[in-house]
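Input: a single structure, listed below in structure tokens.
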Amino acid sequence: MEQRYSPEAIEAKWQNKWEIEKSFKVCEDAGKPKYYLLEMFPYPSGKIHMGHVRNYSIGDVVGRFKRMRGFNVLHPMGWDAFGMPAENAAIQNKSHPAKWTAENIEYMRGQLKRMGLSYDWDRELATCDLAYYRWEQQLFLEMYAKGLAYKKSSFVNWCPSCATVLANEQVENGACWRCDSDVKQKELEQWFFRITDYAEELLEFTDKLPGWPERVLVMQRNWIGKSHGCEIDFPLANGNGAIRVYTTRQDTLFGATFMSLAPEHPQALTLTTPDRLSEVKAFIEKVKLTDKQKRTAEDFEKEGVFTGSFCINPATGLEMPVYLANFVLTDYGTGAVMAVPTHDQRDFEFARKYDLALQVVIQPEGERLDPATMTAAYVEPGIMANSGEFDGSSSIDAKELIAAWLEKSGKGKKTVNFRLRDWGISRQRYWGNPIPVIYCDSCGTVPVPAKDLPVVLPLDVAFTGEGGSPLAKLDAFVNVDCPVCGKAARRETDTMDTFVQSSWYFLRYCCPDFTAGPLDRDRVRYWMSVDQYIGGIEHAVLHLLYARFFTKVLRDLGYVAVDEPFANLLTQGMVIKDGAKMSKSKGNVVDPNGLINKYGADTARLFSLFAAPPEKDLDWNDQGVEGSFRFLNRLWKLVNDCLPLIQTARPVDPETLSDEARSLRRLVHKTIRKVSADIDERFHFNTAIAAIMELVNGIQAFASKKLPQNSALLREALESTLLLLYPFVPHFCEELWEKCGHQGGIELVGWPGYDPDAAADEELLIIVQVNGKLRGRITVPTDASEESVKAGALADDKVMAYLDGKSPRKIIYVPGKLLNIVV
RNA sequence: GCGGUGGUGGCGGAAUUGGUAGACGCACCAGCUUGAGGGGCUGGCGGGGGCAACUUCGUGAUGGUUCGAGUCCAUUCCACCGCACCA
């Protein structure tokens, strides 16, 4: 009779059943509320790690809970399958990225299935499948037609190790986000997505995403980097044109005494006088060779070179020497800065070094700055000085006044500037989605006509590891007739950034089998937006910004009806062990396979959910895993011991219960109430599990008492426990549920409701304080009046001792909770 | 420097609206069970004092508001994360 808890057999049994019956397959159903639940899809790197276990365990609790609650839950899974590691592995193993990727997917799919995750596997997709990326090519061409995809020559971030371009978002501390090599600057013709067209809306909607963590929104706002300022033209002294600057400090205009240009500024060389040419060229070369990270560090020595030219301050009419300066960034504002050494620290240091003029135009209140004795720039607000008609007003007002004066006089205009740059998507790599474009000597850049799509990524390619894209060496791919004029032309050999694929995969999940276009508008309309998205914080800017951009573009192309893709975002914490993030290099990884082999998937899931709330870092602890396993064993034994009682039990009759029995039943219904709220409202799975553990402790204590056993109550208590625990440990609960004599599975039963009467307290514990300190506890009937509670408290021996004969000055009563006697 | 998050027992963490600080679990200690190991069961477990009932202190620090503060306010220290020469 007694049977040990053996997860291996149980888990295989239920996983098999779910697979055969396609238990989690969904389609659109107008009769049910929909719930789109999504976890960030993995890169098929080889095998899953603990971060995946945690991410997908969190998701699965939500999915199973929502299904029990009657929602039509879309819960898909797929593979972010293009990318560099596949190519690198292919070079190393003399294999093929397609083979490596397919094998990894095969293996990792098996691992996910062993975790018992409730995905609709019929919707599985891999971004490297033609059935996926072909539609992305169509979307690219639609974006090209609208001017949202374009090509330009620019200085780009170049990773020499990966031999490819990186987006700004993929450069971390001047190094490649993937391989950590130093990133160099290189001038290349590149494809871009015009994300800057959406900068304003992307920013605006960060205030309309209440379901997102504040820090992610803040990071996105900072990344977009909107600022208000002015563009001002400084005429050249020789009368040949002007230099345009961007500034947010137009209030300091009268104090601008020289001009600083980025070394890459297009006017840098044309402004250089012949006598200065060799020195300027040497400076530009030097800056280009400097590592960008070092160059943009705050403490990097400010250096520059005089071009020999002068421009005119449009406010003062004074001549200003034009310098090139290493700290001026070419891709922010206009790449030219009006230098105000008295009120900007960088300009101050620069002016001191090159002995340039200083003019104070903002005086702190009650103080007079003297340029001769200043040791640092004064950057705070103050009173305007040396600024003509603006003298005497506050510098805060002067910002507006001078902006208005510039506009009126035609010398400048108010403008808004963004830090966000367009998204460079060209990658000089093979394992990606080919950019569907042809170059013709006569016709220029020609998009591949719709009838010729898709551009299939050829598989018969050699992986030598020598520089350059393998595609460029494949004549059969490169050489093509121009679709316009028919003459010999060349294909684009760059592929798209893998972040393009992950920018719309969640839309394709709505209709993965659709063959008439990228998206089935009706099905997308039914499912979108994603109700809950769950993933790592590392994508706070990259993926989550690109996906928002794509959703807005696809909305404007008529494919989707929503403004934002993800209504609620949960960023789960990292998995930590021995004080550091789990990683191969630290040698502190716990292999999910070993864990599942030893304890089963249910224990792995339970511990990863119990040890910390989802958004916090999880401190991995092998002994803690033992504790979770122990709990399941204890419950297993308890249910099995009670089976004979359960199987013959009738429904509970509240009228016949003893005091102990009513008390246990109260615990059952209170626990249902708490667990429901913890899962649904707060995603606090750790406290939900703790409450269930308390319930099990209570049931066990009751069952072990030598009381006449109440089979009806035990049945209600244990079966409620199984229902509550099901989202966390589904195999375990299904198995015991079946043993209790039920057929058809737990999800059909639905989430248990609680009986308010059964959960209601019969008497109340009132905390009695004297002067705010705990001095006694009294129990009173639930309907006790304030007067009777006060009388009861004052009559309490301990309370009386503390009152020491003094009469209360004031008595505060919090109904049903607490009484504070002030003396 | 700017922004965000956090600081509670030996450890992970509870305390949802300002109302019993330390739920639940881990580790540890004692006892029972078992041939031993393992496992299981029972009890204890913030610091100081006391045989004990009990008492006193205690949520990074300092001050404040309040009958009452882990929770609110001010100042401050520390840790982690993100951004950072952005004109």
Side-chain angles (χ1 to χ4, degrees), chain A residues 172-173 213-223 225 227 229 245-250 252 256 260 262 295-302 325-329 331-340 343-347 349-350 417-419 537-538 540-541 573-574 576 606-607 610-613 615-628 630-631 633-634 637 674 677-678 681-682 684 686-697 700 704 765-777 798 808-814 816-823:
Chain A
E172 294 169 351
N173 295 324
E214 186 60 21
R215 63 172 171 154
V216 174
L217 295 172
V218 167
M219 281 163 74
Q220 294 212 351
R221 281 182 206 126
N222 291 344
W223 189 264
S227 67
V245 304
Y246 170 75
T247 182
T248 57
R249 290 301 307 274
Q250 61 272 13
T252 63
S260 304
R295 188 183 145 192
T296 55
E298 203 165 352
D299 51 5
F300 194 68
E301 166 110 27
K302 286 156 191 48
N326 61 352
F327 63 87
V328 179
L329 305 171
D331 54 2
Y332 185 79
T334 62
V337 179
M338 67 172 205
V340 186
H343 304 297
D344 182 283
Q345 187 56 28
R346 297 154 296 180
D347 297 341
E349 288 168 32
F350 196 85
N417 189 59
F418 290 95
R419 210 187 73 119
I537 187 72
E538 65 272 19
V541 177
M574 291 183 302
I576 303 284
L606 186 65
F607 177 72
F610 177 60
E615 69 278 6
K616 286 186 69 169
D617 286 350
L618 183 154
D619 203 6
W620 192 268
N621 177 331
D622 291 337
Q623 286 161 327
V625 180
E626 290 274 358
S628 293
R630 211 144 54 205
F631 168 72
N633 274 286
R634 203 152 54 84
K637 188 170 181 319
K674 176 169 172 56
D678 277 355
E681 293 159 24
R682 304 201 305 163
H684 277 205
N686 56 330
T687 53
I689 294 167
I692 297 169
M693 286 175 169
E694 282 183 80
L695 174 60
V696 172
N697 291 345
Q700 197 163 38
S704 68
L765 178 71
I766 304 290
I767 301 308
V768 183
Q769 298 181 331
V770 178
N771 289 333
K773 292 196 190 247
L774 172 70
R775 295 305 182 196
R777 298 178 176 85
K798 275 170 66 183
R809 217 169 35 150
K810 193 173 172 188
I811 298 180
I812 287 136
Y813 179 56
V814 181
K817 269 195 172 165
L818 173 140
L819 191 79
N820 189 10
I821 303 166
V822 187
V823 296

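All chains are named by letter (A, B, ...) in the order of the sequence lines, taking the proteins before the strands, and each is independently numbered beginning at 1. These numbers come from the heavy atoms of this one structure, side chains and all, not from hydrogens, waters or symmetry mates.
- Pairing partner, B/A87: none, since no Watson-Crick or wobble contact has both distances short of 3.5 Å.
- Taking atom CG of residue A/D347 and atom P of nucleotide B/C86, one finds them 10 Å apart after rounding to whole Å.
- Counting only heavy atoms from C-beta outward, the side chains of A/V245 and A/V337 never approach each other to under 4.5 Å.
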Which protein N or O atoms sit under 3.5 Å from an N or O of nucleotides 42-45 of chain B?
none

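- Atom CG of A/L217 is separated from atom P of B/G82 by 17 Å (rounded to the nearest Å).
- B/A23 makes up no base pair with any nucleotide shown, lacking Watson-Crick or G-U wobble contacts both under 3.5 Å.
- B/C41 and B/A53 have their C1' atoms separated by 30 Å, with the value rounded to a whole Å.
- In this structure, the side chain to side chain donor-acceptor pair (under 3.5 Å) partners of A/E626, at least two apart in sequence or on a different chain, are A/Y599.
- B/G38 makes up no base pair with any nucleotide shown, lacking Watson-Crick or G-U wobble contacts both under 3.5 Å.
- For the side-chain contact (heavy atoms from CB on, under 4.5 Å) test, residues two or more places apart in sequence or in another chain that qualify with A/K810 are A/I812, A/V822.
- With both pairing distances under 3.5 Å, B/G9 is matched to nothing as a Watson-Crick or G-U wobble pair.
- Only the C1' atoms considered, B/G63 is 30 Å distant from B/G13, to the nearest whole Å.
- The closest side-chain heavy-atom distance from A/D347 to A/F327 is below 4.5 Å.
- In this structure, A/D617 reaches the sugar-phosphate backbone alone: every heavy-atom distance under 4.0 Å involves primed, P, OP1 or OP2 atoms, never a base.
- At a threshold of 4.0 angstrom between heavy atoms, the contacts of A/P213 with the nucleic acid are absent.
- Residues A/M338 and A/V541 both approach RNA chain B. Their nearest nucleotides, taken by heavy-atom distance, put A/V541 toward the 5′ side.
- Applying the salt bridge (charged side-chain N to carboxylate O under 4.0 Å, His left out) criterion to A/R634, with sequence neighbours excluded, gives no partner residue.
- Partners of A/T334 under the side chain to side chain donor-acceptor pair (under 3.5 Å) rule, at least two apart in sequence or in another chain, do not exist in this structure.
- Base contact: A/R346 has a heavy atom under 4.0 Å from a base atom.
- Comparing B/G10 with B/A61, their C1' atoms are spaced 23 Å from each other, to the whole Å.
- Atom pair A/R419:CZ and B/C2:P shows a separation of 18 Å (rounding to whole Å applied).
- When Watson-Crick and G-U wobble pairs are counted only if both distances are under 3.5 Å, B/G70 pairs with no nucleotide at all.
- Applying the 4.0 Å criterion to OP1 and OP2 of B/C86, one finds that A/Y246 has every side-chain N and O outside that range.
- Atom CD1 in A/I576 sits roughly 12 Å away from atom P in B/G12 (whole-Å rounding).
- Residues meeting the ring-ring contact (aromatic ring centres under 6.0 Å, His included) test with A/W620, sequence neighbours left out: A/F607.
- Following rounding to the nearest Å, A/K637 (NZ) and B/C41 (P) show an atom-to-atom distance of 8 Å.
- A gap of 40 Å separates the P atoms of B/G58 and B/G40, to the nearest Å.
- A/L618 places its CG atom 12 Å from the P atom of B/G12, with the value rounded to the nearest Å.
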Distances for protein N/O vs nucleotides 53-60 of chain B N/O pairs under 3.5 angstrom?
| from | atom 1 | to | atom 2 | distance (Å) |
| --- | --- | --- | --- | --- |
| B/U55 | OP1 | A/Y802 | OH | 2.6 |
| B/U56 | OP2 | A/R775 | NH1 | 3.2 |

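- Look at B/C2: its Watson-Crick or wobble partner, with both distances under 3.5 angstrom, is B/G82.
- Searching all strands for a Watson-Crick or G-U wobble partner of B/A52 with both distances below 3.5 Å returns nothing.
- No donor-acceptor contact under 3.5 Å links the side chain of A/K817 to the base of B/U17.
- Scored by the side chain to side chain donor-acceptor pair (under 3.5 Å) test, A/Q769 finds no partners at all (sequence neighbours excluded).
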Set out, line by line, the N/O atom pairs under 3.5 Å between protein and nucleotides 3-9 of chain B.
none

Under 4.0 Å protein heavy-atom contact, by nucleotide of nucleotides 20-27 of chain B - B base, S sugar-phosphate only: B--BBSSS
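- For A/D678, the side chain to side chain donor-acceptor pair (under 3.5 Å) partners at least two apart in sequence or on another chain are A/K674, A/R682, A/T687.
- Annotation: B/C80 and B/A30 have their C1' atoms spaced 40 Å apart (nearest Å).
- The nearest whole Å value for the distance from the CH2 atom in A/W223 to the C1' atom in B/C86 is 12 Å.
- Atom name C1', nucleotides B/U59 and B/G47: the rounded distance is 13 Å, in whole Å.
- Sequence order on RNA chain B of the closest nucleotides to A/G772 and A/G333 puts A/G772 first from the 5' end.
- Legend: residues meeting ring-ring contact (aromatic ring centres under 6.0 Å, His included) with A/F610, ordered by chain and number and at least two apart, are absent.
- Base pairing of B/U59 is not made with any nucleotide, judged by Watson-Crick or G-U wobble geometry with both donor-acceptor distances under 3.5 Å.
- Rounded to an integer number of Å, the gap from CE of A/M219 to P of B/C81 is 12 Å.
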